[in-house]
There are 2 protein chains.
Amino acid sequence: MPRVTDAHRQARRDQIAQAALRVLKRNGVSDTSLAQIADECGLSIGAIYVNFENKADLARFIATRLFAWRIEELDGLAEGGAVRTPAELMRPLLASMFDENRPPLPVILQFWSKALVDPELHAVLAEQVDALRGSLERALRPWADGCSAGEGAALASRVAQTCLIMAQGFLANRSLFGWMSAEQYLDAVLAAFGPAPLGVSAKG
Amino acid sequence: MPRVTDAHRQARRDQIAQAALRVLKRNGVSDTSLAQIADECGLSIGAIYVNFENKADLARFIATRLFAWRIEELDGLAEGGAVRTPAELMRPLLASMFDENRPPLPVILQFWSKALVDPELHAVLAEQVDALRGSLERALRPWADGCSAGEGAALASRVAQTCLIMAQGFLANRSLFGWMSAEQYLDAVLAAFGPAPLGVSAKG
DNA sequence: ACCTGAACACCGTTCAAGT
DNA sequence: ACCTGAACACCGTTCAAGT
C-alpha cells in the first residue's frame with residue numbers, strides 16, 4: 001500500500017517544514033536546532049530523520065516549497081504583447097517580495113548565505129531565480145524589440161538579469177538597513193539614470 | 001608596562017584575525033571552527049579567548065579591520081566640484097569590490113547574513129556602509145544641484161542610497177550566480193532606464 | 001601576564017529498541 | 001512501517017593549572 005504511505009510521508013514533510021519555518025522566523029537560520037523544530041511540530045528528532053535525509057535536505061525542501069516566486073503576475077503582464085518598460089515591470093517584481101505567503105526577506109537572505117557553502121541548496125535557488133528571470137525576459141520582449149529590432153532577444157535577456165540584480169539589492173538592503181520602500185527605490189533609480197532630471201520642469 | 005602588553009595584544013589580535021580570514025576564505029563562515037583558526041595561527045583555542053571575548057567578537061574585529069571600503073577614490077572624485085553622474089560614480093564603486101586587499105565577495109555576503117542575528121555585528125557593518133554612503137552623497141552633490149537647485153541635498157542623499165542598494169545587488173548576484181561583470185551591469189542599467197534606447201541610432 | 005588543554009553543555013547524526 | 005531516545009563526535013565556552 002505505497003499510496004497511503006506516500007501521502008502520510010508528504011503530510012509529515014509539510015508538517016515538519018511548516019514548523020521549521022516558524023522557528024526560522026523567530027530565531028534565525030543558524031540559531032535554529034533540530035531539537036527546536038522537533039518540539040515545534042510535536043515529533044522527536046528521530047522522526048525528522050525518518051522524513052528527511054538531514055538538516056540540509058530539510059532546508060532544500062523548505063526552499064523548494066516555500067520560496068517559489070509568484071510569477072503568474074509577470075506572465076500575465078506579458079500577455080497580449082503590451083509594451084512594458086523595465087521600470088513598469090520592476091514594480092510587481094518588488095511588490096512580490098512582500099507577499100504574505102512568502103518567508104520574510106531576512107530568512108531568504110540567510111538562505112542565500114547558506115547556498116554559498118551548500119551546492120545542492122544553491123542549485124534549488126538557482127533554478128527558482130532562473131524561472132523568474134525567464135518570465136521577466138518574456139515580459140520585457142515587446143519593449144526590447146521596440147528599442148532595437150534586431151537585438152531584442154539579447155537586450156531583453158540582459159535587462160531581465162539586471163532587474164533581478166537590482167531586486168536582489170533591494171531585498172538585501174531592506175533586510176539589513178531598510179533604507180527605502182519599493183516605490184522610493186524605483187523613483188530614485190529613474191531620477192539617477194532616467195531620461196529627464198526630476199524637478200527641471202518645476203524649477204526652470 | 002601596559003604599552004608592551006598592548007602592542008603584543010594588538011599583534012596577537014591581528015595574527016589571529018588574519019589566520020581566521022584565511023580559513024574563512026577556504027571553508028565558509030559557518031563551517032569555520034575555532035579549532036581550525038587556532039591550528040592556522042599556531043595557537044591554542046584558549047589563546048583566542050585571551051585576546052577576544054568570543055567568536056562573535058572575533059567576527060566583529062575582522063569586519064572592522066578588513067571590511068573597510070576604500071572611499072578615498074570617491075572623495076577624490078568629489079573634489080573640485082566636478083559634476084559626476086550616478087553612472088560615472090557607480091563605476092569606481094563597483095570596481096572597489098574587487099580590490100585584492102578586501103575579503104572575497106562571498107565572505108562579505110555571509111557576514112551580512114550573520115549581521116541579521118548579531119546586532120553588534122550589524123552595527124559595525126551599518127557604520128561602514130554609512131561612511132561609504134556619505135562619500136557617495138558628497139560626490140553626487142554637484143550633479144544633484146544641477147538637476148534641481150533647491151532639492152539637491154535630498155536628491156543626492158536618495159540617489160547615494162540607491163546606488164549602494166544597486167551595488168549590494170551586484171555583490172550578492174556576483175557571489176551567488178556571477179551573471180555579469182560590473183561593466184555589463186552598468187551598461188544594462190543605462191539601457192533599461194537611460195535617456196535613449198540603445199541601438200536606435202544604429203538601427204534607424 | 002599569557003597560554004594550555006581538559007571539562008561542560010550543546011549541536012547534528014545514527015541506530016538499536018520499541019509499537 | 002514509523003517513531004523514540006540514548007549514544008557519538010563535534011562545536012563554542014570556561015577555567016584550573018602551568019610557565
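In the text below, chain A, chain B and the rest are named by the order of the sequence lines, each starting its count at 1.
- To the nearest 0.5 Å, atom CG of residue B:L34 and atom CG of residue B:D39 are 11.0 Å apart.
- Per the geometry, CZ belonging to A:F52 stands 15 Å off P belonging to C:dT14, to the nearest Å.
- Residue A:S30 is out of contact with every strand shown, counting any heavy-atom pair closer than 4.0 Å.
- Rounding to whole angstrom units, CD1 of residue B:I45 and P of C:dA7 are separated by 14 Å.
- Within a 6.0 Å sphere centred on CD of A:Q184, other residues, nucleotides and ligands contribute more than 12 heavy atoms.
- Atoms CD (B:E53) and P (D:dT13) sit 10 Å apart, rounded to a whole Å.
- Here the P atom of nucleotide D:dC15 and the CD1 atom of B:I48 are 18 Å apart, to the nearest Å.
- When heavy atoms are screened at a 4.0 angstrom cut-off, A:N51 is found touching the sugar-phosphate backbone but no base atom.
- Comparing D:dT4, C:dT13, C:dC3 by their closest approach to the side chain of A:K55 singles out C:dT13.
- Across the strands present, C:dC2 finds its partner in D:dG18; the criterion is a Watson-Crick or G-U wobble pair with both atom distances under 3.5 angstrom.
- In this structure, A:L43 places its CG atom 19 Å from P of D:dA1, rounding to the nearest Å.
- Atoms CZ (B:R12) and P (C:dA1) sit 16 Å apart, rounded to a whole Å.
- When both pairing distances are held under 3.5 Å, D:dA7 makes a Watson-Crick or G-U pair with C:dT13.
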> Under the salt bridge (Lys or Arg N to Asp or Glu O under 4.0 Å) criterion, do B:R141 and B:E137 qualify, and how do the steps go?
Replying inline: CA-CA 6 Å; B:R141 196 57 199 278; B:E137 185 178 324; over 6 Å; no
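- Phosphate proximity of D:dC11 to B:S33: present, with a side-chain N or O under 4.0 Å from OP1 or OP2.
- Atom OH in A:Y49 sits about 14 Å away from atom C1' in D:dA7, given to the nearest Å.
- In this structure, A:F177 and B:H122 have tilted ring planes: the angle between them lies in the 30° to 60° band.
- At whole-Å resolution of the value, CG in A:L34 and P in C:dT14 are 11 Å apart.
- A:N27 and A:T32 form no side-chain donor-acceptor contact under 3.5 Å, judged by distance and modelled atom types alone.
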